Amino acid sequence: QAQLVESGGGLVQAGGSLRLSCVDSGRTFSSYGMGWFRQAPGKEREFVVAISWNGGSTFYSDSVKGRFTISRGNAKNTVYLQMNSLKPEDTAVYYCAATRKWVGTRRSEYDYWGQGTQVTVSS
């Protein structure tokens, strides 16, 4: 069955960095667009960044552009989110998702979701 597993979250001070990983354990999504969303306490889940199935196109929310970088491993079964210059407002549960589209920026466009990994940024 299709599964996405996130890892790499944790506690970091403002200005620090974290790298999140999303593994397609069933090797199902090699031809899917992939994205990261996040949900802070009391907030709606929001788009963060996405990458096309071949890694050729990326899209970033305005709040993270210039600080976060999404990439796809050569084997296409792992997606990474490198987060630099982290801010307290980046604190959220981060979710990896897969879409059958080339790429997507809306929650409704994604078909599969991981369980999330907590990122906490202290000031």
Side-chain angles (χ1 to χ4, degrees):
Q1 192 168 66
Q3 295 183 32
L4 297 172
V5 181
E6 304 98 331
S7 64
L11 175 65
V12 64
Q13 291 185 322
S17 299
L18 285 173
R19 176 178 288 184
L20 306 184
S21 298
C22 174
V23 177
D24 170 16
S25 60
R27 304 188 69 84
T28 305
F29 306 107
S30 60
S31 61
Y32 285 58
M34 303 294 295
W36 288 92
F37 291 74
R38 67 187 182 186
Q39 187 167 18
K43 303 291 182 63
E44 296 293 318
R45 191 172 300 185
E46 66 176 359
F47 169 77
V48 178
V49 60
I51 188 168
S52 60
W53 70 269
N54 67 348
S57 299
T58 57
F59 298 87
Y60 295 84
S61 68
D62 290 340
S63 62
V64 306
K65 190 174 184 179
R67 300 188 297 118
F68 291 11
T69 303
I70 189 171
S71 61
R72 199 157 188 166
N74 291 335
K76 300 296 190 296
N77 69 318
T78 305
V79 178
Y80 303 97
L81 179 60
Q82 178 66 47
M83 305 185 294
N84 298 327
S85 301
L86 283 162
K87 305 174 181 179
E89 50 263 47
D90 295 318
T91 296
V93 176
Y94 283 71
Y95 297 89
C96 177
T99 175
R100 288 188 290 269
K101 298 178 64 176
W102 178 264
V103 68
T105 59
R106 295 177 177 271
R107 290 170 58 186
S108 61
E109 295 177 297
Y110 284 82
D111 305 291
Y112 302 96
W113 296 83
Q115 294 299 305
T117 185
Q118 177 71 48
V119 172
T120 302
V121 184
S122 62
S123 59

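Because the structure is a prediction, the values reported are computed rather than measured. These values consider heavy atoms only, across backbone and side chains, with no hydrogens, waters or symmetry-generated copies.
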Can a donor-acceptor pair be found, under 3.5 Å and without considering hydrogens, that links the side chain of [X] to the backbone of [Y]?
{"X": "Thr99", "Y": "Glu109", "value": "yes"}
{"X": "Glu6", "Y": "Cys96", "value": "yes"}
{"X": "Thr78", "Y": "Val23", "value": "no"}
{"X": "Arg72", "Y": "Trp53", "value": "yes"}
{"X": "Asp111", "Y": "Arg100", "value": "yes"}
{"X": "Tyr60", "Y": "Ile70", "value": "yes"}

message = Count I, L, V, M, F, W, Y as connected when their side-chain heavy atoms are under 4.5 Å apart, and connections chain through other members. Are Tyr80 and Val49 then in the same cluster?
response = no
task = Give a yes or no on whether Val5 and Tyr112 share a hydrophobic cluster (residues Ile, Leu, Val, Met, Phe, Trp, Tyr; joining criterion: side-chain heavy atoms under 4.5 Å apart).
result = no
Which atoms form the tightest heavy-atom contact between [X] and [Y], and what is the distance?
{"X": "Ala40", "Y": "Thr91", "answer": "CB-O, 3.6 Å"}
{"X": "Cys22", "Y": "Trp36", "answer": "CB-CZ2, 3.6 Å"}
{"X": "Phe47", "Y": "Gly104", "answer": "CE1-O, 3.8 Å"}
{"X": "Ser17", "Y": "Gln82", "answer": "CB-NE2, 3.9 Å"}
{"X": "Val12", "Y": "Leu18", "answer": "CG1-CD1, 3.9 Å"}
{"X": "Arg45", "Y": "Arg107", "answer": "O-CD, 3.3 Å"}

With rounding to the nearest 0.5 angstrom, report the [atom1] to [atom2] distance, [X] to [Y].
{"X": "Leu20", "Y": "Phe68", "atom1": "CG", "atom2": "CZ", "result": "8.0 Å"}
{"X": "Arg19", "Y": "Met83", "atom1": "CZ", "atom2": "CE", "result": "11.0 Å"}
{"X": "Asp24", "Y": "Tyr32", "atom1": "CG", "atom2": "OH", "result": "9.5 Å"}
{"X": "Thr120", "Y": "Asp90", "atom1": "OG1", "atom2": "CG", "result": "11.0 Å"}
{"X": "Tyr94", "Y": "Ser7", "atom1": "OH", "atom2": "OG", "result": "15.0 Å"}
{"X": "Tyr95", "Y": "Gln115", "atom1": "OH", "atom2": "CD", "result": "8.0 Å"}

query = Is the gap between the ring centers of Tyr110 and Phe37 under 6.0 Å?
reply = yes
task = Would you check if Ser61 and Glu46 make a side-chain contact, meaning some heavy-atom pair closer than 4.5 Å?
result = no
ask   = Got more than 12 heavy atoms from elsewhere within 6.0 Å of CD, Glu89?
value = yes
ask   = Between Arg38 and Val119, does a side-chain contact (heavy atoms from CB on, under 4.5 Å) hold up when you go through it step by step?
value = CA-CA 9 Å; Arg38 67 187 182 186; Val119 172; over 6 Å; no
